[in-house]
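Report on the structure given below.
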Amino acid sequence: MVGRVDPDRYGPWALVVGGSEGVGAEFAEQLADAGLGVVLVARTEATLRETADRLRDRGAQVRTVAVDLLAADAGDRIAAVTDDLEVGLLILNAGANTYGHPFVGGDLARHTDVLTLNVVRQMELVHRYAAPMRERGRGGVILVGSLSGYVGSPHEGVYAASKAFSRVFAEGLWAELAPHGVDVVELVLGVTRTPAMARAGLDFDLPGLRVAEPRDVAAEGLEHLADGPVWVAGGNYPMAQKRSGFPRDRLVAGAAAAVAEMMGR
Ligand SMILES: NC(=O)c1ccc[n+]([C@@H]2O[C@H](COP(=O)([O-])OP(=O)(O)OC[C@H]3O[C@@H](n4cnc5c(N)ncnc54)[C@H](OP(=O)(O)O)[C@@H]3O)[C@@H](O)[C@H]2O)c1
């Protein structure tokens, strides 16, 4: 075994949904180095191609699927590329907030898109890829979650709720699948220096802000694949614990102020 992932347990192929950049691309590189073939899914063909080329340069077998996960047939289009492969590891990374807006008065269709990406597609893809893993009696599922999923927040209430769904969903899956040899972990991230967050204007330089690097959290996730159902990365466990507590009014107000400062609102 090279690196942190055993290909006999989680290979021979990994499907990294949202694998073209940031944390997803780091997962893909580390999996390639461990000897797994990698299927990358994202919308932007250019970044997909660049990441695929980097993995091939490291000697990995790679396939790409350029698809918008909001498309109703996204699952089928991904399956068309993976049907002849044994996918032993599913990583669902795509899922940053796509609509920061107060809920009431906002565009309901755009709020719904957040749920389609983070809840509906997540369910569909896990349903499709975890079933053969359970039959084989081995495999792994990583759902990339967020500290946002521990507390409601203005402007991103639907996103935060979708990440709470993901975490609780992961717990249920873990209870169902771990006895069958399939590891499930919700990898909870705090602020992470990804291209998507840079484009969204997040101020990584705010004094006192704990910022994780994509490479480090990807490595931590792979290292703790078997430590589900929830792994809080980047030293953020105390924050997750605090946000799980009471009284809720104080926690919600505190988190709202922190997000507003980070996003310059
Ligand atoms: N960055 C942070 O500070 C932070 C904090 C907490 C949690 N997280 C979680 O970490 C994960 C990764 O976040 P991120 O900041 O890297 O942003 P992201 O927008 O989720 O992007 C990650 C990857 O997903 C792809 N992607 C995004 N939307 C897609 C769609 N509709 N269809 C297909 N592919 C799509 C992106 O490529 P394309 O754009 O080309 O499609 C990229 O490869 C998310 O689940 C997020 O909730 C991030």
Side-chain angles (χ1 to χ4, degrees), residues 15-29 38-52 54-55 64-75 77-78 91-100 110 112-122 124-125 142-151 153 156 158-167 169-170 186-204 206 209-218 220-221 230-234 236 239-240 243 255 258-259 262-263:
L15 171 59
V16 186
V17 181
S20 64
E21 62 175 32
V23 180
E26 292 295 339
F27 274 126
E29 282 197 17
V38 184
V39 182
L40 303 171
V41 178
R43 290 166 299 187
T44 314
E45 300 222 19
T47 39
L48 261 182
R49 210 172 23 245
E50 278 166 30
T51 302
R54 250 193 346 267
L55 301 185
T64 60
V65 192
V67 67
D68 187 341
L69 292 161
L70 291 180
D73 65 349
R77 287 170 60 188
I78 297 168
I91 300 181
L92 294 181
N93 174 61
N97 193 20
T98 51
Y99 189 47
R110 294 200 62 191
T112 305
D113 283 347
V114 176
L115 279 195
T116 302
L117 178 63
N118 284 354
V119 175
V120 178
R121 287 298 167 268
Q122 181 180 82
E124 284 176 4
L125 291 166
I142 299 178
L143 306 181
V144 177
S146 172
L147 278 181
S148 300
Y150 286 85
V151 63
S153 180
E156 53 177 57
V158 177
Y159 169 72
S162 76
K163 291 297 183 181
F165 172 90
S166 179
R167 179 164 49 89
F169 180 51
E186 171 89 356
L187 180 68
V188 176
L189 305 188
V191 175
T192 307
R193 199 184 311 275
T194 62
M197 281 303 105
R199 288 192 296 270
L202 194 146
D203 182 0
F204 293 116
L206 264 186
L209 184 65
R210 179 189 283 272
V211 181
E213 300 301 326
R215 175 161 306 183
D216 296 336
V217 292
E220 197 177 338
V230 177
W231 186 267
V232 182
N236 284 306
M239 180 59 84
R243 289 187 169 188
V259 172
M262 267 191 306
M263 301 308 292

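Remember, it's a predicted structure, so these values are computed and weren't measured experimentally. Residues take their numbers from the sequence shown, with the count starting at 1. Just follow the structure's listing: the first ligand is 1, and inside any ligand the first atom is 1.
- A donor-acceptor pair shorter than 3.5 Å can be found between the side chains of Trp231 and Glu220.
- Residues Arg167 and Val230 are in side-chain contact: their nearest non-hydrogen atoms beyond the backbone lie under 4.5 Å apart.
- The nearest heavy-atom contact from the protein to atom 9 (C) of ligand 1 is Val144 CG1, 3.8 Å.
- Nearest approach of Pro214 to Val23, heavy atoms of both residues: CB-N, 3.8 Å.
- The nearest heavy-atom contact from the protein to atom 19 (O) of ligand 1 is Ala96 CB, 3.6 Å.
- Taking every heavy atom of Gly19 and a limit of under 4.0 angstrom, the matching atoms of ligand 1 come to 43 (O).
- The two residues Gly149 and Ala164 have their closest heavy-atom pair at O-CB, 3.4 Å.
- Using a 4.0 Å cut-off to heavy atoms of Gly18, the atoms of ligand 1 that qualify are 23 (C), 24 (O), 25 (C), 43 (O).
- Here is the list of ligand 1 atoms found below 4.0 Å of a heavy atom in Val191: 3 (O).
- For atom 22 (C) of ligand 1, the closest non-hydrogen atom of the protein is Asn93 ND2, 3.6 Å.
- When only non-hydrogen protein atoms are considered, atom 48 (C) of ligand 1 lies nearest to Leu189 CD1, 4.3 Å.
- Contact record, Tyr159 with Val114: CA-CG1, 3.8 Å, taken as the closest heavy-atom pair.
- The shortest separation from a heavy atom of Gly145 to ligand 1 is under 4.0 Å, placing the residue in contact.
- Below 3.5 Å of separation, one finds no N or O of Leu70 facing any N or O of ligand 1.
- For Glu156 against Asn97, the heavy-atom pair with the smallest separation is CB-ND2, 3.4 Å.
- For atom 28 (N) of ligand 1, the closest non-hydrogen atom on the protein side is Arg43 NH2, 3.3 Å.
- Thr51 and Glu21 form no side-chain donor-acceptor contact under 3.5 Å, judged by distance and modelled atom types alone.
- The line from OG1 of Thr98 to CG of Leu70 is 7.0 Å long, rounded to the nearest 0.5 Å.
- Heavy atoms of Gly22 come nearer than 4.0 angstrom to ligand 1 in no pair at all.
- Here the closest non-hydrogen pair linking Leu40 and Gly19 is CD2-O, 3.4 Å.
- An N or O contact shorter than 3.5 Å links Tyr159 to ligand 1 by distance.
- With a 4.0 Å heavy-atom cut-off, ligand 1 is reached by the side chain of Lys163 but not by its N, CA, C or O.
- Atoms of ligand 1 lying under 4.0 Å from at least one heavy atom of Thr44, given by number and element, are 38 (P), 40 (O).
- Every atom of ligand 1 is numbered from 1 in the order shown, and the set under 4.0 Å from a heavy atom of Ser146 is 6 (C), 7 (C).
- Geometrically, ligand 1 and Val23 share no nitrogen or oxygen pair separated by less than 3.5 Å.
- In this structure, Arg215 fails the cation-pi test against Phe27, since its NZ or CZ atom is not both closer than 6.0 Å to the six-membered ring centre and inside 45 degrees of the ring normal.
- The protein non-hydrogen atom at the shortest distance from atom 34 (N) of ligand 1 is Ala42 CA, 3.5 Å.
- Considering both main-chain and side-chain atoms, Leu202 never comes within under 3.5 Å of ligand 1 through any nitrogen or oxygen pair.
- Within a 6.0 Å radius of CD in Glu45, no more than 12 heavy atoms belonging to other residues, nucleotides or ligands are found.
- Every atom of ligand 1 with a heavy atom of Ala196 under 4.0 Å away is listed here by number and element: 14 (P), 15 (O), 17 (O), 19 (O).
- Under the 4.5 Å side-chain criterion, counting only non-hydrogen atoms from C-beta, Met262 is in contact with Leu206.
- Here the closest heavy-atom approach between residue Arg243 and residue Leu147 is recorded as NH1-O, 3.2 Å.
- For ligand 1 and Gly190, the ligand atoms under 4.0 Å from any heavy atom of the residue are 3 (O), 4 (C), 5 (C), 6 (C).
- Here is the list of ligand 1 atoms found below 4.0 Å of a heavy atom in Val67: 32 (N), 33 (C).
- A 4.5 Å side-chain heavy-atom check between Ser146 and Leu189 finds every atom pair outside the cut-off.
- Of the protein's non-hydrogen atoms, the one nearest atom 1 (N) of ligand 1 is Met197 CG, 3.0 Å.
- Scanning the protein for heavy atoms near atom 37 (O) of ligand 1, the closest one is Ser20 OG, 3.3 Å.
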